[in-house]
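Notes follow the structure.
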Amino acid sequence: QSSVLHKFKGILFSTMSSEELLNSLDFFNAREDDVFLVSYPKSGTHWIAEVIGNIPNAQISLTSPIELGDISKFDELKMNCKRRVIPTHLSYNMLPVNIKQKQCKIIYIIRNPKDTAVSLFHYYRDNPNLPGIETWAAFFELFLRGDVVYGSWFDHVLSWEEHKNDKNILIIFYEEMKRDLSKSIKKITTFLGINVSDSEISKIIARKTSFSEMKNNAAKENCDPNHTICALTSNRNLVFRKGAVGDWINYFTAKQRRVFDELFTEKMKHSELARHFEDYF
Ligand code: A3P
C-alpha cells in the first residue's frame, strides 16, 4: 500500500489522521449534547451533514471529523461553544469511550455495500489523499478483504449492528433518504429533539440538499478545511459523483456479484441491518 495510508490497530487510516491522535481518542471529552455523525466512507455523510446543517433553528455547529488532524484536535473542538455535530468514520469499537459513557446521540448512516464499493473505488481514483488504484477488479478484491481505508465494510456495520437498538443511536439508510427524504428528515429532527413539523421546511431542506444543488455549490466554493466532513478530503468537488442507487450494476461482473453475495450472506447472516439491502442486490 502507498504511504498515504498507515495502519492503526490493524485498520488503514489516512496519514491526515495522525497516529498520536488515534492513540488519544479515549482522552476525548464528550459533552452530553454532542451529536456524532458516523458512517463508513461513501455512505452519504456529506448529504446527511448538509441536511442537519439546514435544519432551521437547530443551534448546532458542524465540526470537522474527530479523527482528522493531530493532537491539537481536542483543543480545537473544545473552543466550539455550540452544540457540536461531529462527523467520523470510526467503527463502534474505536469510538472514544467517553461518548459511549455519556450516551451522546449518534446518527449512523449506511448504504448498500455494492454502491459504497463503487463510490469508494472512484474516490480512490480521484482523491490524491488515497493510494492510486489501477482497475475496478483490483479494488474489488481490496474491498472484499477490508484492505481499504477504515477497514472492512462488513466489520464496520457489524460493530454498529450490536447497538442499533440503543436509544441514543439512530440508523439512517442512504436508500431511504433517496426514496423519501422528508421521512428521513423527520426521523433526524425528532431524534435530535428539534421541532420542525412544518412540511414546508422539509421541502426547503430537500431542495437545498438535492444532489445537483450540493454539487453546484461545491464547484462554486473554495475548499475550507474547517468545513471538512470526511477525513479523507476537504475538497468537496471529489464528493459528488453520481448520487444514485444501483450504480453497482455497471461495475460488477456476474462472477463478482456471486462472490460478493456469498461473502455477504456468510458475514451478515445474523444482521438485521443487512436485510434492508435485499431489495437492492
Ligand atoms: P457516488 O460516488 O455514488 O456518487 P460520503 O459523503 O459519505 O463521502 O458519500 C459520497 C456519496 O454520496 C457519493 O456517491 C455522492 O455522490 C453521494 N451524495 C452526496 N450528496 C448527495 C445527495 N445530495 N444526494 C444523493 N447522493 C449524494
Side-chain angles (χ1 to χ4, degrees), residues 13-14 16-17 36-55 62-68 85-91 107-130 133 136 139-140 143 148-151 153 156-157 160 171-185 188 202-221 223 227-252 277 280:
F13 282 89
S14 146
M16 294 183 296
S17 296
F36 291 83
L37 182 53
V38 190
S39 58
Y40 187 80
K42 314 321 291 173
S43 304
T45 329
H46 289 79
W47 188 12
I48 199 165
E50 193 75 13
V51 165
I52 295 172
N54 274 293
I55 300 173
L62 206 55
T63 76
S64 64
I66 193 166
E67 75 275 24
L68 172 62
V85 176
I86 307 176
T88 181
H89 290 315
L90 293 173
S91 69
I107 301 175
Y108 185 60
I109 176 160
I110 322 183
R111 186 182 190 186
N112 177 354
K114 292 179 181 172
D115 283 337
T116 305
V118 168
S119 183
L120 191 56
F121 166 61
H122 287 281
Y123 210 37
Y124 261 68
R125 301 198 93 176
D126 302 339
N127 188 340
N129 299 321
L130 288 171
I133 198 88
W136 159 248
F139 183 80
F140 178 78
F143 187 86
V148 288
V149 71
Y150 292 101
W153 179 91
H156 202 279
V157 171
W160 287 95
I171 310 264
I172 294 281
F173 292 94
Y174 178 94
E175 292 74 20
E176 213 173 79
M177 282 179 67
K178 285 288 287 192
R179 201 181 334 112
D180 190 346
L181 186 58
S182 296
K183 192 173 153 197
S184 298
I185 294 172
I188 294 165
S202 288
K203 270 185 213 153
I204 297 166
I205 300 174
R207 184 169 50 75
K208 284 198 178 156
T209 65
S210 73
F211 179 76
S212 56
E213 183 80 11
M214 286 182 68
K215 190 181 169 90
N216 287 339
N217 286 341
K220 275 186 266 168
E221 76 189 12
C223 24
H227 291 152
T228 303
I229 303 292
C230 167
L232 304 172
T233 190
S234 41
N235 180 359
R236 293 167 76 90
N237 286 309
L238 300 175
V239 174
F240 307 98
R241 187 185 62 91
K242 206 162 180 181
V245 169
D247 191 36
W248 65 270
I249 206 97
N250 301 313
Y251 292 84
F252 280 60
F277 299 115
Y280 300 95

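Whatever order the structure lists them in is the order used to number ligands and atoms, beginning at 1.
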Residue set satisfying side-chain contact (heavy atoms from CB on, under 4.5 Å) with Ser119, at least two apart, ordered chain then number -> Lys42, Arg111
Those residues at least two apart in sequence (or on a different chain) that pass side-chain contact (heavy atoms from CB on, under 4.5 Å) with Leu62 are Ala49, Val85, Ile229
Output for ligand 1, non-hydrogen cut-off under 4.0 Å, lists Lys42, Ser43, Gly44, Thr45, His46, Trp47, Arg111, Ser119, Tyr174, Thr209, Ser210, Phe211, Met214, Val239, Phe240, Arg241, Lys242, Gly243
Asn129 and Leu232 have their tightest heavy-atom pair at ND2-O, 3.0 Å
With a 4.5 Å limit on heavy-atom distance, are the side chains of Leu238 and Tyr123 in contact? yes
Donor-acceptor pairs are to be reported for all side-chain atoms of residues 243-250 against protein atoms at under 3.5 Å, with residues two or more places apart or in another chain.
{"unit_1": "Asp247", "atom_1": "OD1", "unit_2": "Lys242", "atom_2": "NZ", "d": "2.8"}
{"unit_1": "Asp247", "atom_1": "OD1", "unit_2": "Asn250", "atom_2": "ND2", "d": "2.8"}
{"unit_1": "Asp247", "atom_1": "OD2", "unit_2": "Arg241", "atom_2": "NH1", "d": "3.2"}
{"unit_1": "Asp247", "atom_1": "OD2", "unit_2": "Arg241", "atom_2": "NH2", "d": "3.0"}
{"unit_1": "Trp248", "atom_1": "NE1", "unit_2": "Tyr280", "atom_2": "O", "d": "3.2"}

**Asked** Would you call the rings of His46 and Phe240 parallel, tilted or perpendicular, where under 30° means parallel and over 60° means perpendicular?
**Response**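 Perpendicular.
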